[in-house]
Amino acid sequence: MVEPVAAARAADGPPPEGWFAGPVDAFAAPLFAELDDRIPGMAGLASDEREVLREATREALRRTLQLRLNRVLLLELRAAALAGDLPGTDPSARWDAFLRQASAPGFSETLHRRYPALRRRAFASGRLLTEGALELGARLAADRRAVAGLLGGDPGPLRALELARGDTHHGGRAVARLVFETACVMYKPRPVEVDAALRSFVAAVPGAEDLGVPRVVVRDGYGWAEHLGHRHCQGEAELARFYRALGGWLAVMRLLGGTDLHAENLVAHGPVPAVVDAEALFTPDVEVPPSGRGDAVDRAARTIRNTVLRTGILPLRTDGYALAGVDLSAAGGLPGQQPQIRVPVITDGGRDTARMEIAAVDLPPARNHPSPEPVLIRHWNQVLTGFDGLTAALAELDAGGGLDALLRVFDGCRVRRIRRPTQTYTDIGRMLWHPASLHDPDAALARARDILHRNALAAPGAPREPAVIDQEIADLLVGDIPAFGERVDGQRLDAFLTGWRRADLTRERDTIRSALVGAYLNERRLPDRVRTPARTPHAEDLDRRRRTLAAEAVRTVCEAAVRGADATATWISPVLTDYGWAVRPLGADLYTGQGGVALALAEYQREQRAGRADPVAGVESVLAGTLEVLSATEDTTPTRQLGGFTGIASQVWTWSALHHLLGTPGLLDRARARAALLTPEAIAEDRALDVLSGAAGAVVPLLDLAELTGEERWLEAAAEAGRHLERTVVVDDRGARWSTVMFPEGIGGFAHGATGAGWALTRLALSSAGSPADRRRWYELGTLAHDFEESLYTPEVGAWVDARIGGDVDHPTAWCHGSTGIGLAALDLHRRTGDPRHLDTALRSGPAGLREGFGWSHTLCHGDLGLWELLHHLRGLKGYEGPSAAQADAELITGIEQRGPVGGLAKEAFAPGLLPGLSGVVHHLLRMHPDARLSSPLLLAHPERPDTT
C-alpha cells in the first residue's frame, strides 16, 4: 500500500520543510541542543523574542544543512535501494523506509565513517551560523533604543526574523530582516559607515532628492538600517521620476567608483530607486593582460571598464554555465528577456528513485522594477536626463570647490572589493560538499586550489597568492562566500576625483544609450514602430547626394574607431553575442562585428578607386587595422556559433567576399581556415539551427567557397549541415519548422525560422553536394518549410504573422522576421528554379513591406534599406506595382538627409555594424550606383569581381 503522505508529496512536489527534513533534524540534533541551552541565558530579550530567535535559527540551520546534505542522502538512498535494504512494495514505501533509517540514532555514525569530512564541516558551519544569530540577538538587546530612534519610535516586540537568506560572510554572518510589531529593520553584520557617508553625500548634491539611501545606525563593525520596501510607482509621473533618479545614480556612481549595484542591491521604492547595499565603492580598475586581439581592443575594453557600465546598474548579460545570458543589473532583468538558469534539484522526490538533476528554472523576481511590466525603452530619455542633470550638478559643485570637501565624508570608510564572481565561489563550494569530496577531502581541496589558481590566471584582479586561496577555501568549507575589504583614504579619493574630471562624457552617454538599447533588444518585442517618412522627397541630383551621404557615413565610422598604438582599429557598440546584446568591442562576425565593418570599408575603397565614391581620408588605414583585429579575434577567441551572420560561416563568407573585393593574397586562405572549423562534430552539436547563427547559415557560404576554390570538401561540409537540419526538423500538418534554443516554438521568417532553413535546404538541393537521393530529400524538406511559412500568411492583412511567443508585432516587415526576408528568399529561389510558387510569394512580399513603407529606420536587417533591396529585385518582375527606382531612391536619400542615418533598434546609440547599423548605410549607398555591382549580404551573395577601372 502506498503511504498517503508520501504519495501526496511525490505528486505535489517537495514539502515545505524539505524532502529530507527528518534525517537532517536527526543529524543536527546536537546543534539544536546547543542552541536550546544558550537561548534562555540571553539578556535583554523577552521570552517571546527569544523563541522567535530560536525558531529562526533552527529554520536557518535546517535549510542550510539540507542544501549541504542532499547529495549525500540521495547517494545513500540509491545505495540502499540497489542493495535491497529498503523494505516496501512500491517506491514511496521504500522512500519512507529510508527516511526512518536515516533518522535513526546510528545513521550519523554511518555517514561519518563514509564521509569523514562531513560532520566536522557541517557542525562547524552550523555553529558559526548559531553564533551569528546569537550575536544578532545580543546586539539587538544592546541597541534597542537606537533601533527605536531609527524607526521613529518603539516598534514593539520582535515578531519574526529572517536569517541567512543571502550569502554568509565572515563566519556565518549574513544580512537579516527583523520584523517588529509595527515596523521592520535590517541588520547588517558589517561596517555601515559607508552607507551613512553615501546618504550624507547625496543629501548634499542639488537635484539628488530622489536618490534613496536607507538611514543607518552605525556601530562598531555592524549596524542597523532602515527597511525600504519595494513598491511600484503610481502613474507616469512617478515612473519618470524613478528613471531620472536612476540616471542620477549613474552620475553619482561614476564619480564614486560604485560597482556591484545589481538588482538585489537597488530597490524600487515607489519613484525612489534606493541603493540598499553600498559596500562596493571606489573600486579601482584592474590590470588586464593584453587580449592578443590588438591594442585597439585592449583600449576599447579599458574604456568600457571605466564607464558607467561598471556600476552594475545598466543592463549587462553574464556568460558562463549557470547564469549564461542572465541580466542581473538594477535597470535590466526585464520580464520576458531573462533566460532560465540551471540549478541542481531533486527529481522524483518521495520515491526510492529520487536523484539530483540539473534543471532549468525561472529566476525569482527581483525588487528593482518600478512597475509590474516595465518597458525600459519608453523611459531611456529620462535616464539620460537624470545622468546629465546630476553630472552638471556635480560639475558645478566641483567648479565651486565643494565637491572635494563632500568626498571627504568617505575617508576611512571600509569598502568591499569584489575579486571573484560569487558564482565561482558557489560552484566550488558545491563541489567541496559533493559526496566524493566529503569521502576524499584531500583530493577535493587540491582540486579547489587548482581551480581557484586557474581562475586567477583568467580573471584579472582575482587573488592568486596561495595563502589567500587557502583562506578562500577555508571560508567555503564552512559555507561562507569569501569577502575582501579595504579602507578608503585621501589618496584614493583624489584619484577618483581626478579620473572623474577627465571622463569623456560623450562616451559615457553613448554607453548609457547602448546599454539601454541592449536591454530592449534582448526582450522579445520591438519598440513602437513610429514611421517618419521623408518630407517632400525629390529625385534631383541623386548621385551627388548619394555620394555626399556615403562619404559622411564612412567618415563617421572611421572617426568613431578606437585606434591602437599598433594601428589596429575597432569600435564600441551594442553587439549580438551568444547570450544576447551587450556593449563590447566588436566581435568577429558579419552581423554586428568587425567582419561587416571591414566589408563596408573595403567596398568604399573599391568604389572610391572606381570613381563612384568621393575620397575620404583614412579609409585604407582604418580598413587595414580592422582586418588585423578581425584576424586576431578569430585566432584568439573561439567562435561557438556556426551560422552565416554571427558564426563561423559568417567569417567564411566575409573573407571570401573580401577576396573578391580586394584580391590581396591570403584572404581566401583565411576563408578556408575558418571553413575547416565546420566539422561534422561541430555541426552535430549545433542547437541554434537557423540561418543567423546555426547550421542553416553554414550551407550557402560553404557552397560558394566550393565554387570559388573548386574544392569538394566544402560541398561535403554543406551536406553535413543539411543532414543536421534533417535530423532536427519538426514536421506536422502545417509543414516543417525547427525548434531552436531561442525560439523553441519553431517560427517562420528568414533569419531565425523556417523560411531561412528552407531556403538553405533548397540551395543545397540545387548544388552538387550529396547524392541524388540526398538532394531529393533536401528539396522536399525545403518545400515543407515553405509550407509552414505559407501557413502563417494572413490574406486579409496581406502579410505573414509573427509566430514568436511574446512578440509584440503581429505582421512584421523586416528581413529578420517578416516580409522582406521572406520575399528575398523567394526571389532568389525563383531565379534559380523558375518555380511559380516562389514567384507568387515574392510578389506578395512587396505590398506586405509597403504596408509600412519607408520612414522607420535605415538598416538592412529591419529598416528601409532592406525594403529598398526587396523592391530593387521585384521591380523587373511582371506584376510589380511598387515605386519606381527613382521614387525609392529619392525616398531613401531624402529621409537620410532629413533625419540622419537612423540605426533602427539602436536609435541614437552608435552602431557601426553591417546589418543593424551604419556600415549597412555605407554599403547600401554604394550599392545604389548602377555600376557598383555589389551584391547584397542579406542573401549571402558574393560581390562581383572588381572592374579594371
Side-chain angles (χ1 to χ4, degrees), residues 542-543 545-558 560-561 571 573 586 589-610 612-614 616 619-620 622-623 626-627 630 644-645 650 653-662 751 814-816 820-821 824 857-873 888-889 892-893 895-896 900-904 906 910-946:
L542 278 176
D543 191 62
R545 294 159 62 198
R546 175 196 67 82
R547 295 168 68 112
T548 298
L549 290 175
E552 290 174 354
V554 82
R555 191 176 294 114
T556 298
V557 170
C558 291
W571 290 261
S573 172
L586 301 192
D589 62 280
L590 179 68
Y591 189 86
T592 56
Q594 296 276 136
V597 181
L599 178 75
L601 293 174
E603 290 177 334
Y604 197 89
Q605 180 177 286
R606 168 182 159 172
E607 294 302 289
Q608 179 180 303
R609 290 173 177 173
R612 295 186 287 268
D614 294 342
V616 173
V619 172
E620 290 189 16
V622 176
L623 172 59
T626 304
L627 292 175
L630 177 59
F645 292 88
S650 80
W653 188 88
T654 298
W655 290 110
S656 300
L658 291 169
H659 167 77
H660 280 288
L661 285 165
L662 303 175
W815 165 83
C816 50
T820 293
L824 286 171
S857 75
H858 306 115
T859 64
L860 287 169
C861 180
H862 36 254
D864 292 358
L865 305 188
L867 177 60
W868 185 100
E869 184 74 14
L870 174 65
L871 299 178
H872 173 74
H873 287 286
D889 290 357
L892 189 61
I893 287 176
I896 296 175
V902 177
F910 174 71
L914 182 68
L915 270 293
L918 197 55
S919 287
V921 175
V922 173
H923 160 84
H924 203 82
L925 290 169
L926 296 173
R927 179 167 163 68
M928 290 174 70
H929 193 284
D931 298 328
R933 304 293 187 270
L934 299 175
S935 296
S936 171
L938 294 179
L939 288 173
L940 296 173
H942 279 313
E944 297 182 9
R945 293 186 182 278

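Since we're looking at a predicted model, the values are computed, not measured. Residue numbers run from 1 in the order of the sequence given.
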A.B. asks: Taking C-beta and beyond as the side chain, do T654 and Q594 meet within less than 4.5 Å on heavy atoms?
C.D. replies: no
A.B. asks: Within a strict 4.5 Å, meaning less than it, do heavy atoms of the E869 and T820 side chains meet?
C.D. replies: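 No. Closest side-chain heavy atoms not under 4.5 Å.
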A.B. asks: What are the two closest heavy atoms between G644 and L940, and how far apart are they?
C.D. replies: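 G644 and L940 have their closest heavy atoms at O-CD2, 3.5 Å.
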A.B. asks: When rounded to the nearest 0.5 angstrom, what distance separates CG in L630 from CG in L658?
C.D. replies: 7.5 Å
A.B. asks: If every non-hydrogen atom of A550 is compared with every non-hydrogen atom of Y604, which pair is closest and at what distance?
C.D. replies: O-CE1, 3.9 Å
A.B. asks: Looking at W868 versus H872, is the centre-to-centre ring distance below 6.0 Å?
C.D. replies: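 Yes, ring centres under 6.0 Å apart.
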A.B. asks: So which atom in V597 and which in L586 form the shortest heavy-atom distance, rounded to 0.1 Å?
C.D. replies: CG2-CD1, 3.8 Å
A.B. asks: About how many Å separate CG of L860 and SG of C816, when rounded to the nearest 0.5 Å?
C.D. replies: 11.0 Å
A.B. asks: Could you check if a side-chain atom of L934 sits within less than 4.5 angstrom of a side-chain atom of L661, using non-hydrogen atoms only?
C.D. replies: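 They are in side-chain contact.
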A.B. asks: Between W815 and L865, is any pair of side-chain heavy atoms under 4.5 Å apart?
C.D. replies: no
A.B. asks: Between H923 and L914, is there a side-chain heavy-atom distance shorter than 4.5 Å?
C.D. replies: yes
A.B. asks: Between R612 and E607 (side chain of the first, backbone of the second, donor and acceptor by atom type, cut-off under 3.5 Å), is there such a pair?
C.D. replies: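 Not at all, since once roles are kept as given, no pair shorter than 3.5 Å links the two residues.
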A.B. asks: Treating W571 as the side-chain partner and V557 as the backbone partner, does any N or O pair qualify as donor plus acceptor under 3.5 Å?
C.D. replies: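 Indeed, once roles are kept as given, a pair shorter than 3.5 Å links the two residues.
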A.B. asks: Does a side-chain heavy-atom distance below 4.5 Å link L892 with H858?
C.D. replies: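 A side-chain contact under 4.5 Å exists here.
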A.B. asks: To the nearest 0.5 Å, what is the distance between CD on E552 and CD1 on I896?
C.D. replies: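 Rounded to the nearest 0.5 Å, the CD-CD1 separation comes out at 10.5 Å.
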A.B. asks: Is a side-chain N or O of S857 found less than 3.5 angstrom from the main chain of H862, in a donor-acceptor match?
C.D. replies: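 Indeed, once roles are kept as given, a pair shorter than 3.5 Å links the two residues.
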A.B. asks: Should R609 and E620 count as an ion pair when the cut-off is N to O under 4.0 Å?
C.D. replies: yes
